[in-house]
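Inspection log for the structure reproduced underneath, given as structure tokens.
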2 protein chains.
Amino acid sequence: MNTAVKLSHNDHVPDCRDCPIRHRAVCARCEAEELERLEEIKYYRTYPAGQTVVWAGDRMDFVASVVSGIATLSQTMEDGRTQMVGLLLPSDFIGRPGRDDAAYDVTATTDLIICCFRKRPFESLMEKTPHIGQRLLEMTLDELDAAREWMLLLGRKTAREKIASLIAIIARRDASLNLKGKDKSMVFDLPLTREAMADYLGLTLETVSRQITALRKDGVIQLEGKRHVTIPDFERLLGETGDDSDGGYLV
Amino acid sequence: MNTAVKLSHNDHVPDCRDCPIRHRAVCARCEAEELERLEEIKYYRTYPAGQTVVWAGDRMDFVASVVSGIATLSQTMEDGRTQMVGLLLPSDFIGRPGRDDAAYDVTATTDLIICCFRKRPFESLMEKTPHIGQRLLEMTLDELDAAREWMLLLGRKTAREKIASLIAIIARRDASLNLKGKDKSMVFDLPLTREAMADYLGLTLETVSRQITALRKDGVIQLEGKRHVTIPDFERLLGETGDDSDGGYLV
DNA sequence: TTCATGATTTGACCTCGATCAAGGTCGGAG
DNA sequence: CTCCGACCTTGATCGAGGTCAAATCATGAA
């Protein structure tokens, strides 16, 4: 979708700028050493929009970090019902140290670049470098909070509230990624198809479409084309989510 | 509930047997030192069934581990809709290092004993003792997997599948706590009210009641009283969950 | 340009689970 | 023992969202 923005935003650090392990301050010397070790075990991969990165159950001999683009984690039942269980934006982590098989399908929903680390070396690096584990723990706890917020959405919200919540989540993350001013009217592209939104929200794509139309007719959002959204009044949108005011979505 | 098994399993360490930090092999000397440090910052608390341990938003100056009984994490919307987001059995961890306010309501659904650690000392102990963080990472990753399985349930399963899944989860956890033989007919008490099950599953208590009745009439489960369940054929029950055969529930 | 393909919208209809409303069961207090 | 309140079951009805079907819109290949 709009990876151009991200690239220009970060282009002073061409390599591996989004590795989770880089997010904690360490002394310059340690940092240099650490980066050097990481250099040895890392490589990049790219996927076009729509391509599957790994299938659930496949052996996965790497962990990775999203550099640009968007990926999803999802589960599918035997009869084809599928539920998205993770939405991965730049800097998010893919994979689980200590497990060799992928638990979920990982799919690129936009063109995607990820930075991979071979798993065994990464694991031994984790043992030698406690703060990597600490950072990973923080990220995992954040993901767990996001998953629990998501559970409330899936279990108890109406279709309209679900759509409003998803748009608010995307708007917020987009805003934070692009470092825009806070309360300006927000403008962005939906990075997901109606079907992907349905899989996120536990709805059908028809219901998603209808509710988006309803929000548009009610003036909560504006649409140009199918994907380009303007939010004239973010507070108004939040009022549609069912959440108490400032709620801390972390997805 | 039934901590007896765990006791005998670890009975050379009479205190604090369920601390998450005890689950990784360390040398005897380190273990002794570590236990000593833990002793200094730990204390026990008990709650009767139904009592709230902490409210979402309250300051929480401890982390804890469930010793016996069952606790739940749940979120409530302004209008009263509530969704359970965590089910904590013995040895599960409560609280989040690095955060001072509780994110969810924590409630004892049975009589409950927890082992608490004052938060600041625990956090500094974590820094000195990497394997505590490692263990916590593992546990958090397991919880995240469980949350994602739960999301599939909430988003895509029918009421009957939800009930069957919950009963299977409880049966499996109960069996593993009691170290029973695998394919014996399973017998246990439901540790949750119909309302708590509804909050777990994103249903109303009436629907829970109706579906339990239906499963009973179809011979998938047997009921004595309201809570005492016998599962004559576990495979049959699994067939009702919608999951592909051996699925790895971790809740 | 035209065609094909995939994404989206819209309509008609129906079903599953929510809602509202009684009753039933059981254990503990008096 | 009886009464009370918490918990559970069952029935009747309704509506949000699912299902099926068809039309519309884009976009890129030929």
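Here is how names work: the chains are called A, B, and so on, in the same order as the sequence lines, proteins then strands, and each is numbered from 1.
Comment: A:Arg96 engages B:Asp142 in a salt bridge, judged by a side-chain N to carboxylate O separation of less than 4.0 angstrom. Salt-bridge formation is detected for the pair A:Glu143/B:Arg148: a Lys NZ or Arg NE/NH1/NH2 atom is positioned less than 4.0 Å from an Asp or Glu carboxylate oxygen. A salt bridge does not link B:Lys162 with B:Glu240: none of the charged nitrogens is closer than 4.0 Å to a carboxylate oxygen. Under a 4.0 Å N-O distance rule, the pair A:Asp199/A:Arg81 does not qualify as a salt bridge.
Counting any heavy atom pair closer than 4.0 Å across all strands shown, B:Arg227 reaches sugar-phosphate atoms only and no base atom. Heavy atoms of A:Thr193 sit under 4.0 angstrom from primed sugar atoms or phosphate atoms, though from no base atom. As judged by a 4.0 angstrom heavy-atom cut-off over every strand, B:Leu205 is placed among the base-contacting residues. Note on B:Gly50: nothing from the nucleic acid sits closer than 4.0 angstrom, heavy atoms only.
A:Arg210 has no side-chain polar atom (N or O) that falls below the 4.0 Å cut-off from OP1 or OP2 of D:dG17. For the OP1/OP2 pair of D:dA16 and a distance below 4.0 Å, the side-chain nitrogens and oxygens of A:Thr207 include no atom meeting the criterion. A sub-4.0 Å separation between OP1 or OP2 of D:dC8 and a side-chain N or O of B:Ser209 is absent.
If you check C:dT19, D:dG17, C:dG17 against the side chain of B:Thr158, the one that comes closest is C:dG17.
Interface remark: the B:Glu195 side chain does not form any donor-acceptor pair with the D:dC7 base, using a distance-only criterion of under 3.5 Å. Looking at B:Glu206, its side chain comes within 3.5 Å of the base of C:dC20 through a donor and an acceptor atom.
Mapping A:Leu203 and B:Arg216 onto DNA chain D by nearest heavy atom places B:Arg216 at the nucleotide closer to the 5' end.
Atom-to-atom, CD1 of B:Ile212 to P of C:dG17 comes out at 14 Å; the value is rounded to the nearest Å. We find that CG of B:Leu201 is positioned 18 Å from P of C:dC16, with the value rounded to whole Å. One can place CD of B:Gln83 at 12 Å from P of C:dA18, the figure rounded to the nearest angstrom.
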Side chain to side chain contact (heavy atoms under 4.5 Å, CB included) assessment of A:Leu112 paired with A:Ile70: CA-CA 6 Å; A:Leu112 180 73; A:Ile70 296 185; 5.8 Å; no
